[in-house]
2 protein chains.
Amino acid sequence: MVKLATVRNLHHQVIQELGRLIVSGELAIGQNLPREEVLAERMNVSRTALREAMKVLSAKGLIESRQKTGTRVREEMYWNQLDADVLAWRCESMPTDAFVEKLVEMRELIEPAAAAAAAKRRTPDQLAQIEAAYLAMEAAEDLDAWAIADLAFHEAVLRATNNELMSSLFSVIESALGTYFVLSARNSANFKNALPQHHKVYEAIRRRQPEVARQGMMKMVADSRSNLRRQRTR
Amino acid sequence: MVKLATVRNLHHQVIQELGRLIVSGELAIGQNLPREEVLAERMNVSRTALREAMKVLSAKGLIESRQKTGTRVREEMYWNQLDADVLAWRCESMPTDAFVEKLVEMRELIEPAAAAAAAKRRTPDQLAQIEAAYLAMEAAEDLDAWAIADLAFHEAVLRATNNELMSSLFSVIESALGTYFVLSARNSANFKNALPQHHKVYEAIRRRQPEVARQGMMKMVADSRSNLRRQRTR
DNA sequence: CGCCTCCTATTTGTATGACAAATTCCATGC
DNA sequence: GCATGGAATTTGTCATACAAATAGGAGGCG
């Protein structure tokens, strides 16, 4: 029996709790945290566990510790904004449209470029994976199957760029967006509307036409954007 | 007297050392590290310090610890590729052109989009900062002053997007590229060649013309790319 | 022989207490 | 007023002990 990610270790809980407090602003920037000993007692953990958590938060750029001075919350400009945890904490504490806009903007930035890069550099094997995802979308009977295949399609394209920086950025942004929306379009009836557009992108990547792929993908994400908006505003 | 970042704390050294070993591949993926007790002794630190380092590496996605099983190096796909440390370790261990290409690709992806976004959303204050940087470039007497002002220009544009995800991505990529090249063009003689192009971008942002700004920035980074290449190949 | 159950050995996770190191801040002397 | 030399405080490191999880084997049972 597989145990699904439940409550993890103690220091992990501390990371989450403090991280949330900081990103949400409940711990003001520049403010000093209590002494380790005090904070540990207040959170009902040992100083050891607390420190392990603090080191991680420090690595994420959220806090900074110095002897005698203590530990204080760093300015926002030092935070690792692209860290998955930091991003997740922001999503929790910033339910505003403004932040969603930023995420969407990033997505619209990545994907067309990725399609173009994929058209240039995809291997035959990677093309096959894209095709497989496309065929799965075509064959999808219900919305869930389609959504899964859709995500696979985008992931396959991203991997085909052979640029792990790009695909890593994609997965970070995508999972953050996922906290706001259940994947892709939910206006159920004819969910296969986007299929022709996917085919265009696939064809462009197959024929190694970077610009065509870019334009096609640009249109695709633009469409998906308006879907998101419709879903959200009602 | 300000002390510049020297050798930091012990656990920090451990982070660096293990991180390098992993990213460079000297510790093979999937391989188990020695037991904490053994590893600690081998590195001449206490188990406490070692563990603080391991938690950080774990947060960066490089390793994974489980009781009884031990700690092993995770697959590359789980690494936080956009983490500043991970990127820096890659730069050290991958002197190949291939990785530089990926970084440059990311840069060419970000900056035009940033210029467009800045044209849409810059505040008067942010525009003033861009202008100030431009004027500093114009006034630069030597190459160093120009390089500093140039970086300030790009940073100001990035900040003017009002999208901290984008500016964070920029700074990460830029600092990674900085490990390969001393900022910008080094073909000294007439380093102000790029000035008109900067002016075009500035004007487009001032006049709120996103597409013009995008095109202008696209050309600018393309030029700077060929500069980089020339500098590198000789 | 095959399968299930339980136990034990091993490894990370947490707790505690003590001391080292850095550095702010004050007192002291000149 | 200013240097200078301590404390006092806070994080950094160490050593040790025990808790918790769990892989892997021993043993029982059909």
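In this text, all values refer to a predicted model and were calculated from it rather than measured experimentally. So that the names make sense, note that chain A is the first sequence line, chain B the second, and so on, each numbered from 1.
- The nearest whole Å value for the distance from the CG atom in Asn32(B) to the P atom in dA23(D) is 13 Å.
- Proximity of His11(B) to the phosphate of dG12(D): no side-chain N or O atom is located under 4.0 Å from OP1 or OP2.
- Across the protein-nucleic acid pair, Leu50(B) atom CG and dT13(D) atom C1' stand 13 Å apart, rounded to whole Å.
- Sequence order on DNA chain D of the closest nucleotides to Ala49(B) and Thr69(A) puts Thr69(A) first from the 5' end.
- Atom CZ in Arg35(A) sits roughly 15 Å away from atom P in dA8(D) (whole-Å rounding).
- If you take CG of Asn9(B) and P of dC14(D), they are 11 Å apart, rounded to a whole angstrom.
- The environment of Arg72(A) atom CZ is sparse: at most 12 non-hydrogen atoms of other residues, nucleotides or ligands sit within 6.0 angstrom.
- Out of dG13(C), dA23(D), dC14(D), the shortest distance to the side chain of Glu36(B) is found at dG13(C).
- Taking atom CD of Glu52(A) as the reference point, atom C1' of dT11(D) lies 15 Å away to the nearest angstrom.
- A donor-acceptor contact under 3.5 angstrom links the side chains of Arg107(A) and Ser224(A), judged on distance only.
- Between the side chains of Asn162(A) and Gln126(A), at least one donor N or O lies within less than 3.5 Å of an accepting N or O.
- Across all strands, Arg51(B) comes closer than 4.0 Å to base atoms (heavy-atom distances).
- The interatomic distance linking Met54(B) (CE) with dT12(C) (C1') rounds to 9 Å, in whole Å.
- Residues Leu57(A) and Ile15(A) meet the side-chain proximity criterion, which asks for heavy atoms closer than 4.5 Å.
- Glu41(A) places its CD atom 12 Å from the P atom of dG17(C), with the value rounded to the nearest Å.
- One atom, CD of Gln67(A), and another, C1' of dA8(D), lie 14 Å apart when rounded to the nearest Å.
- With DNA chain C read from its 5' end, the first of the two nearest nucleotides for Leu10(A) and Arg47(A) is the one closest to Leu10(A).
- Close to dT8(C), at under 4.0 Å from its OP1 or OP2, lies no side-chain N or O of Lys68(B).
- Of the side-chain N and O atoms in Arg66(B), one or more sit less than 4.0 angstrom from OP1 or OP2 of dA23(D).
- Each of dA15(C), dT14(C), dA23(D) was ranked by its minimum atom distance to the side chain of Thr48(A); first place goes to dA15(C).
- Nearest-nucleotide assignment on DNA chain D puts the 5′-proximal partner with Thr71(A), out of Thr71(A) and Ser46(B).
- In this pair, Phe170(A) and His154(A) present their aromatic rings parallel. The plane angle is below 30°, not in the 30 to 60° band.
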